[in-house]
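Have a look at the structure below before the remarks.
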Amino acid sequence: MMDNKRSWQGGGSKGPPAKRPSGSGGMDDDLVAQSFEADADVADEDIDLHIEEEMEIDLGEAGRNWERPAAPAINPQKDPLVFQQLEVDYFVGAPNRSVHRTDLLEVPIIRMYGVTAAGNSVCAFVHGFEPYFHVEAPSDFGPDDCDSLCDHLNRRLKERNLKARQSKFCVAVVMEQKQTIMHYQAAKSKAFLRIVLATPNLVAQARGMMETGIKIDSLNRTMGFVTYESNVLFVLRFMIDCQVVGGNWVEFPVNCYKSLAPHDGNKMTHCQIEVHVNYKSLISHPAEGEWAKVAPFRILSVDIECAGRKGCFPDAEKDPVIQIASTITNQGEPAPVVKNVMTLNTCASIVGAEVMSFQTEHELLKRWRDLVVETDPDIIIGYNIQNFDLPYLIKRAETLQVADFPFWGRIKKSKLRMRDAQFSSKAYGTHDYKEITIDGRIQFDLMVAIQRDHKLSSYSLNAVSAHFLNEQKEDVHHSIITDLQNGNAETRRRLAVYCLKDAVLPQRLVDKLMYMYNYLEMARVTGVPMSYLLTRGQSIKVFSQILRKAREKNLLVPNIKVQGGGGDGVGYEGATVLDAKQGYYREPVATLDFASLYPSIMMAHNLCYSTLLPASRLREVPPEDVLRSPSGDTFVRAHHAKGILPEILEELLGARKRAKADLKAATDPFLKAVLDGRQLALKVSANSVYGFTGATIGKMPCLEISSSTTAYGREMIMHTRELVQKTYCRANGYEADCEVIYGDTDSVMVNFKVADVARAMELGKEAADLVSKTFVKPIKLEFEKVYYPYLLISKKRYAGLLWTSPEKHDKMDTKGIETVRRDNCLLVKNVVTTSLEKMLIERDLAGAIEFVKNTISDLLMNRMDLSLLVITKGLTQEAENYATNAAHVELAKKMRKRDAATAPNVGDRVPYVIIKAAKGAKAYEKAEDPIYALEHNLPIDCQHYLDHHLSQPLLRIFDPIMKNAKELLSGAHTRSITVSTPSLASGGIMKFAKVRLSCLGCKATLPPGETSLCKHCQTKEAEIYQKMLTNVNELEASFSALWTQCQRCQGSLHLDVLCTSRDCPIFYRRKKVQKDLGEANAVIARFADW
DNA sequence: GCCACCTCCTAA
DNA sequence: TAAGTTAGGAGGTGGC
Ligand SMILES: Nc1ccn([C@H]2C[C@H](O)[C@@H](COP(=O)(O)OP(=O)(O)OP(=O)(O)O)O2)c(=O)n1
């Protein structure tokens, strides 16, 4: 290893002062106090980093500060062990008989990984917890029959597991008094059998036997059973039974656990503290009060660079990994404690970072493995690490046969495991991913988190950083990376700076978006481990809560089969959307909205699995204790038996209420957005409780609950409309007969026909209270806001100025229209936004019309940036599986033929532009990759953009406001299709010079021999030449300005710009100007020839 | 040119 | 338990 000498001076000249966005005030300090500027030439780093450097040099040893704070000696006889657990797994092994008495040869052993308040890592081996499930006991089943069933199961299981080294498979069958969660049950409890197995894998086997039918010898008959909770993952089972929720604090009391000394040869993990404990000794602290705190866990952020062969995207079987950047940050601290980059081949030093250089990838990989083990992170973050960085490292090490590389989990000698997986859900879409197991360390891929939490049209790190951090990051094309690697220590240093930046950015996103805090809260509220929140869907969260609540109430959750034979059977009716009285409303329109409608319906009417009363059993309950929902299903009322779904909802809405309170207290706009995201996530979790009951391909569908919920909702919106319209009318002394002009699911838009906002608010509040009184608690109709003016286009599409106070409007709010959609191009988005702003805010219709006409003219004259014309659409399934031809799909297939490694995959968004093609060509034949179109000078089909993307949206917003909106699209501005000259664009510079020689002054075709001006224009030669020169000068100036802007972005003013970001408008503009400049220079050259 | 159907994305 | 729900507008394709 060649450890670099560190130098104080940076790599070169000093760049411009780092540009930070202004305006967010103290926000940055609070949330992103750490702010490493990975600008190549920023030499004025924080002073403490210099000191750190100095100390390192004194010691001459990198990696010196990698370790966690030293762990105190653990004395189980004197001290309890308290830590925040973050991850739980289990393995099957020989029992530890000092904490678990058993005759079994192999048992499951739970491992809880976590961090103490002092920041020491812990792995606790929790022993003695046994897998089990239940079945209902037959009525004539007695305690004596338990052994008989147990023996029978044991024999059957033994036959199926002949190779297993095990003394007993079914450990016990125990009679217990429990009740099912399904349907209202008058009896408090009845007999169930708990079937306890030796290991978790036997649960599914035994379940199968019980379901398909098993002979109960002592009763002398064969019976099939419905099983209960036989489908609960072992880890979740353990957490539920021990009341451990994701990320909470646990405690092992004095004398209840055994500790291994740090250097004990029997230690099985790399954690600082390793203990063994019986699960019965575990104390779990609910995450409230002092236990709401967060331990200083360690976060490793990682990014790698690879050198692809010429023109190819890197392939781990062929191309080397050349750099790995890592930062280590302790949660709660403002700056990383380690910033390290490991490079293949030499690399000049970087101020504020450790640089380690290696001669071989082999050494590089192994040293990085050591870094992980030595820094011992609890959480590994990065951008797209799950699909790129981590798999690449693992595959690369395999290719190079670095056999001891894949061992950076916390369990010694335990190899990383990786397999292909797919996640598919309607809300989150379908994604392929690599499931990687790194024992004891959570992976938190920021890309996955941001894709789930934010709807963006591009999820490149570049686009995401720009969006959330107000900071561009260059997109260095993979071929350039190879060039930099093949240069010298300085070019590799430049690469290392990018690499470091890509490791720093995810950490900054985590900080700024408060990901650790928000995800911990979600894990604690829903009870699942934090890692589930990114790898699993909503179902597991709801299921976890149901299981917990059920356990509290001694209820069991049945494992029911998919009903309706295949799943895609009949659905159920959802919400009512009131017909939209479309138009442009020049008076205030009040919006009334039920708070958390479906959850509140379920709470108010006690809708639950455990309160559902089948029609056949109606007479078991006094009629006054039964409620019939509008869909005809019956439920017992709360005073008779309280359901558990309502209780779960109470907790979720409680958490949401707290989040909303925080939101209300916040002033910083960015912080507000983050807190809004937090309360939104909790709202979706609450709504998913309803969704869970309606998920026919799911764990526990119960359409009686979901369809009752929507049926109540439908009744409520109709009732609300009636009551409001009946009350607020002239006949009752109000100014006018009000009108509900629209409403969707839980809202009504009321036109009170009053002139001022304040009066509309007054009436809105009054109406909301009036309506609320007619409903059962906690159902509440709220006055939310006023729209004034209000443009109602159709169902689910409207725009308006939003007022929450009568003094001034808050903002323009648009729903469903192009401004908030990701499947149209920026041009349309911008034109529609600006037009609406002019119409609604400035009330300047003429200005809006003028603007639209100019835009259309610009479009047709080919004056649009390509970046404005890029459309993106998601690839929602495998490209082959589409039934029809679609532009983005065909392009994805085409791109895969060009270069499979960089082509879009399922779940990705595909950006494309529409290019000119033969008349009558289908849109899917005209779609092209924007970068490809740019590089090959393919002409844009401007007319197509006007006809298919711009005109309809514009007509829709202008039609209600003006007469003859169609004329917008047919004026003189639409005839200026002059200079667009696709032949020029498609031919490129060379063709221009050769083929189409026309007079540079008047465009007349030149006679052979002439190269620049026709006879007539030659008289004005000087003037024309001057014009050409001016043109060139202007282009040069704008090119230079754009270039500088890109240099700023990449953080150095003296280096070449390497960025080719598909997401950056500056990039497209720079390319366009570059092309124009080339053409203009070619023109000048013709003068020279002449 | 009409229309059924697929696809995407959004509102709730 | 692998996977929250339905309603609805709009564009495009392809059969007729
Ligand atoms: N992701 C969503 C959003 C909404 N809904 C259903 C359930 C909601 O109760 C109802 C109304 O949706 P809103 O968006 O108005 O949200 P809420 O009424 O739940 O919350 P808020 O208090 O913000 O109005 O639509 C849903 O099932 N899933």
Side-chain angles (χ1 to χ4, degrees), chain A residues 133 203-204 207 227 229-234 236-237 421-430 435 455 457 532 535-544 546-547 557-562 567 571-578 580 593-594 596-598 683-701 703 705-707 709-710 713-714 717 742-747 793-798 814-824 871-877 881-889 909-910 922-925 927 947-949 952-953 956:
Chain A
F133 67 98
V203 170
R207 170 184 64 204
T227 64
E229 306 193 3
S230 57
N231 48 2
V232 182
L233 294 176
F234 186 59
L236 206 54
R237 175 84 275 162
Q422 191 177 62
F423 183 93
S424 182
S425 94
K426 227 178 160 190
Y428 292 143
T430 302
E435 184 187 294
K455 301 231 165 278
S457 26
Y532 282 23
T535 57
R536 306 285 296 270
Q538 296 289 349
S539 277
I540 192 70
K541 297 197 275 184
V542 178
F543 196 51
S544 152
I546 290 175
L547 288 167
V557 177
N559 184 10
I560 46 179
K561 303 249 151 30
V562 272
Y572 63 94
E573 192 179 342
T576 295
V577 184
L578 300 179
D593 187 328
F594 286 101
S596 296
L597 179 66
Y598 287 7
K683 157 180 156 176
V684 171
S685 294
N687 288 338
S688 295
V689 173
Y690 145 75
F692 181 88
T693 67
T696 43
I697 309 199
K699 306 165 223 305
M700 239 208 313
L703 297 194
I705 298 175
S706 44
S707 58
T709 306
T710 56
R714 291 193 299 274
I717 192 174
Y742 178 56
D744 185 347
T745 309
D746 69 336
S747 64
I793 293 166
S794 68
K795 285 183 177 179
K796 301 200 186 275
R797 268 147 219 255
Y798 58 81
T814 57
K815 298 281 159 138
I817 57 189
E818 286 70 19
T819 52
V820 292
R821 298 185 68 87
R822 299 176 294 171
D823 53 358
N824 55 84
I871 299 164
T872 75
K873 278 200 165 79
L875 198 60
T876 56
Q877 47 184 326
N881 296 346
Y882 280 83
T884 52
N885 293 317
H888 65 298
V889 181
R909 295 192 67 79
V910 186
K922 296 288 186 187
Y924 62 82
E925 297 166 316
D947 297 345
H948 293 85
H949 292 102
Q952 287 309 115
R956 283 194 292 267

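So that the names make sense, note that chain A is the first sequence line, chain B the second, and so on, each numbered from 1. Computed over heavy atoms, backbone and side chain alike; hydrogens, waters and symmetry mates excluded. Please read all numbers here as calculations on a predicted model, not as lab measurements.
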Please determine, for the side chain of A:R956, which listed nucleotide (C:dG11, C:dG4, B:dC8) has the closest atom? C:dG11
Any side-chain donor paired with an acceptor under 3.5 Å for A:R207 and A:T227? no
Look at the side-chain N and O atoms of A:K683 and state whether any lies under 4.0 Å from the OP1 or OP2 oxygen of B:dA12. no
Rounded to whole angstrom units, what separation is found between the CE atom of A:M700 and the P atom of C:dA3? 14 Å
Nearest whole angstrom, please: distance from the P of C:dA3 to the CD1 of A:I697. 13 Å
Calculate the interatomic distance between A:L578 atom CG and B:dA12 atom P; express it in whole Å. 12 Å
So, is A:S424 near the phosphate of C:dA2, with a side-chain N or O under 4.0 Å from OP1 or OP2? no
Shortest side-chain distance from A:R909, nucleotide among C:dA3, B:dA11, B:dC9: B:dC9
Looking at C:dG14, B:dT7, B:dC9, which one has an atom nearest to any side-chain atom of A:T884? B:dT7
Measure from the side-chain heavy atoms of A:N885 and tell me the nearest of C:dG9, C:dT13, B:dT7. C:dT13
Distance below 4.0 Å between A:H948 side-chain N/O and C:dG11 OP1 or OP2: no
So which nucleotide from C:dT6, C:dA3, B:dA12 ends up closest to the side chain of A:Y798? B:dA12
Candidates C:dT5, B:dT10, C:dG4 - which lies nearest the side chain of A:S539: C:dG4
Heavy atoms under 4.0 Å, any strand shown: does A:Y428 hit a base, just sugar-phosphate, or nothing? nothing
Tell me which nucleotide among C:dG4, C:dG11, B:dA11 gets nearest to the side chain of A:D744. B:dA11
Tell me which nucleotide among B:dC8, C:dG8, C:dG4 gets nearest to the side chain of A:D823. B:dC8
Whole angstrom value for the distance that separates C1' of B:dA11 from CD1 of A:I817: 13 Å
Out of C:dT13, C:dG4, B:dA12, minimum distance to the side chain of A:K922 belongs to C:dT13
Length of the line joining A:H949:NE2 and B:dC8:C1', which is rounded to integer Å: 12 Å
Base, sugar-phosphate, or nothing: which does A:Q422 touch, judged by heavy atoms less than 4.0 Å apart? nothing
Take A:Y690 and A:I705, measure what side-chain contact (heavy atoms from CB on, under 4.5 Å) needs, and give me the verdict at the end. CA-CA 8 Å; A:Y690 145 75; A:I705 298 175; over 6 Å; no
Would you mind classifying the nucleic acid contact of A:K795 as base, sugar-phosphate or nothing, using non-hydrogen atoms under 4.0 angstrom? sugar-phosphate
Would you say A:R536 places a side-chain N or O within less than 4.0 Å of OP1 or OP2 belonging to C:dA3? yes
A:K699 vs C:dA3: side-chain N/O to OP1/OP2 distance below 4.0 Å: yes
Does A:R821 make a side-chain N or O approach to OP1 or OP2 of C:dA10 shorter than 4.0 Å? no
Could you check whether A:V542 gets within reach of a base, just the sugar-phosphate, or nothing at all, counting any heavy atom under 4.0 Å? nothing
When you compare C:dG4 with B:dA12, how far apart are their C1' atoms, in angstrom units rounded to a whole number? 14 Å
Test A:I717 against A:F594 for side-chain contact (heavy atoms from CB on, under 4.5 Å), laying out the working first. CA-CA 9 Å; A:I717 192 174; A:F594 286 101; 5.6 Å; no
Hey, does the side chain of A:Q877 come within less than 4.0 Å of B:dT7's phosphate (OP1/OP2), counting only N and O? yes
Any side-chain N or O of A:Y924 under 4.0 Å from OP1/OP2 of B:dC6? no
Taking atom types as modelled and ignoring hydrogens, do the side chains of A:S747 and A:Y742 form a donor-acceptor contact shorter than 3.5 angstrom? no
Both A:L233 and A:P953 contact DNA chain C. Taking the nearest nucleotide for each, which residue is further toward the 5' end? A:L233
Under 4.0 Å: is that the gap between some side-chain N or O of A:R822 and OP1 or OP2 of B:dC8? no
The test is side-chain contact (heavy atoms from CB on, under 4.5 Å); show your working for A:F234 and A:V203 and say whether it passes. CA-CA 9 Å; A:F234 186 59; A:V203 170; over 6 Å; no
Between C:dT5 and A:S706, is there an OP1 or OP2 to side-chain N/O distance shorter than 4.0 Å? no
Side chain of A:V820: nearest nucleotide among C:dT5, B:dC8, B:dT10? B:dT10
